[in-house]
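Here the structure is laid out as structure tokens; the discussion comes afterwards.
Throughout, protein chains are lettered first and strands after them, A, B, ... in sequence-line order, and every chain is numbered starting at 1. Treat the numbers as computed from the prediction; the structure is a model and nothing was measured. Scope of the values below: all heavy atoms of this structure, side chains included, with no hydrogens, waters or symmetry mates.
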2 protein chains.
Amino acid sequence: MATVSYVLNDKGNISEETRKRVLDVAERLGYRPSGAARSLKTRKTGNIGVYLPGFAGPVFGEILQALHDAVFPLGFEIIACSTQQSDRLLVERHVDGAIILNSFITDDTIEQIQSADYPVVVMERIVKMPHVSCVVADNCKGSYMAVKHLLDIGRKNIALIVGNPESHENSQRLEGAKKAFQEAGIDISTVPIVHGAFSEEIGVYAMTSILQSYKDVDGVFCFNDEMAIGAIKAAMRAGKSVPGDIAVIGFDDIYIGSCINPALSTIRVDKWSWGHLAATTLVDMINNGSPGRLITLPTKLIVRQSTADPVFGYSNNK
Amino acid sequence: MATVSYVLNDKGNISEETRKRVLDVAERLGYRPSGAARSLKTRKTGNIGVYLPGFAGPVFGEILQALHDAVFPLGFEIIACSTQQSDRLLVERHVDGAIILNSFITDDTIEQIQSADYPVVVMERIVKMPHVSCVVADNCKGSYMAVKHLLDIGRKNIALIVGNPESHENSQRLEGAKKAFQEAGIDISTVPIVHGAFSEEIGVYAMTSILQSYKDVDGVFCFNDEMAIGAIKAAMRAGKSVPGDIAVIGFDDIYIGSCINPALSTIRVDKWSWGHLAATTLVDMINNGSPGRLITLPTKLIVRQSTADPVFGYSNNK
DNA sequence: CCTGTCTAATTTAACGTTTCACTATTTAAT
DNA sequence: ATTAAATAGTGAAACGTTAAATTAGACAGG
């Protein structure tokens, strides 16, 4: 038994002859090691739990792909769990660590997981606990760039369509926007801020209400791309041209934003890097017991037609 | 030890008093059962392996969601694996069964998995093996409806943009289309068939070549929505109106198809039902040892603007 | 009072690996 | 020639559960 184990794991001292013999017999018998027994003994499962609010959103697919691609070659697999409540039978079994990209999961739950000695990586907010790393986009800087860009192309009356006020992302994005206004000498209290969730419908609704209440708005920064797409639709339906009358910029850089007409300007968060960083950080914590740390992911301004600056000759196609 | 086990699993005869006592101590000690040990003993993991070619596609997110939602309340979790090669360390550990929606995984591999007594559900082709169920869309009928619809709205010169020729989906869709042409008395050999893969770029390319080679084509059936979207883009870029000059219909009913302009007519495959059927079938095989069976999922014609029939007064918005 | 049934709790043997400790053999060093 | 070190292989305990078999009482029927 021991010899077989050593052969299969390339450990210990075994002659080339017996190694061959073991391998042959294993092959002939169709032997497959039991993951359960192995996990029991080694206290490793080779699984990573990923907690999302859902699979269908435009970002989650790309992130899952990045996580999987980073983790698979290292011998791990992904247990994906979508949940809108924090309470279910989370981790508790079969995983070596967890990646959380789900604001429905409370700090309390994370505390429980990490205090059971599971390393955790959180991707959408900042949590300070010993076994928890955070890999977050630089929302503040990104937001700053978005507002600055609208100002740079000469927009004077900018409105914000913000997201879920409880979310960490939202408050960071708000902070960055404020900073840009401040630097431009604009009193933040004069900026129309329409609250909403992060969905396309809310974007439609929010833009409609802006058009009614603030007739001179000529630039809108939406705190994510989905709302921005809704906002563009609403503006065009109301007979406004984008970016002619109103320039619109979003945040995240979801794929569909590049397809619509006018193509959406946005702040890019590179999903591949984000996922890879989160994954490798977690694996490092699992394998080497590294402590939690904070990693910030840079963001990048992507200028497309929805904020094309007529002055500098971007053409507004159609 | 046994008593604790019985309490935790609601089995055997235990007095209310000791049950309480056990539960209390467990709570106080923060006791968490070991999934590995439990799996070792019960030979169940509570995990289901899902094999996709990738996470990012427009269908996979919805399917994953449906699978997860169906399976989670039954006490299972999903191990998702995206792979473009068949050979990697597949199942082999930690799963009670597998769901395959990935043409990269060969019949040989499936044979191996099922012969190791893992039940398998295949979602994109038909495989006849004892432990394998197939849950497939009615591609043939759907395809038939698509062509029939183009004929019904008066299109005389229909072209096909087909997908990957090796795929089961493709051959079924081809068969259905042929049947519709046959019934209408059209010689299939006169129908332009452009080959390609299932991607948007190929759709662009295929439509461009159709416009060059077959000037009188007034209707195109693309074997999936992504190609159809590419085809519409290509047609419009070439100055054709859709559906005025060329009606276009796709297959699958991906979300984005309903957003584009003109909105894409298509054959709907309900992702929710598809996923739920696959999931419940697999769980039934796992729990009750049910044998493999074949389930066909109905498809449905969805008429939108890209095939709006001017005769019957559908308006082509702009 | 004996026997049988029922409930409650306990003992014990797995489940299939890994790994420490050990033996036996060979090779090297003095 | 003796000892030490390296190489190959084996035995057995342990990982944390479950479940079959067993024990110990309590209660009922004859």
inquiry  = Taking ring pair (Phe, Tyr, Trp, His ring centres under 6.0 Å) as the cut-off, I'd like each qualifying pair that reaches into residues 1-34 of chain A, sequence neighbours left out, listed once.
reply    = none
task = Summarise how protein sits on nucleotides 3-8 of chain C as a single string, 5' to 3': B when a protein heavy atom is under 4.0 Å from the base, S for sugar-phosphate-only contact, - for no contact.
result = ----SB
key: B/S/- contact track for nucleotides 13-23 of chain C, protein heavy atom under 4.0 Å   = -BBBBBBB---
Who are the side-chain hydrogen bond (donor to acceptor under 3.5 Å, both in side chains) partners of [X], not counting sequence neighbours?
X	answer
Asn13(B)	none
Asp69(A)	Gln65(A)
Asn139(A)	Arg173(A)
Ser15(B)	Thr18(B)

task = Please list, chain by chain and in numerical order, all residues satisfying salt bridge (charged side-chain N to carboxylate O under 4.0 Å, His left out) with Arg293(A), sequence neighbours excluded.
result = Asp284(A)
All pairs passing salt bridge (Lys or Arg N to Asp or Glu O under 4.0 Å) where residues 94-111 of chain B contributes a residue, at least two apart = Asp107(B)-Arg125(B)
key: With sequence neighbours excluded, residues passing ring pair (Phe, Tyr, Trp, His ring centres under 6.0 Å) with Phe223(B)   = Phe221(B)
query = Quantified as the angle between the terminal helix axes (five pairs each), what is the overall bend of the helix from dC1(C)-dG30(D) to dT30(C)-dA1(D) to 10 degrees?
reply = 50°
query = Residues in side chain to side chain contact (heavy atoms under 4.5 Å, CB included) with Ala66(B), at least two apart?
reply = His276(B)
Minimum-distance pair of heavy atoms, taken over all atoms of Phe55(B) and His68(A) = CE1-CB, 3.5 Å
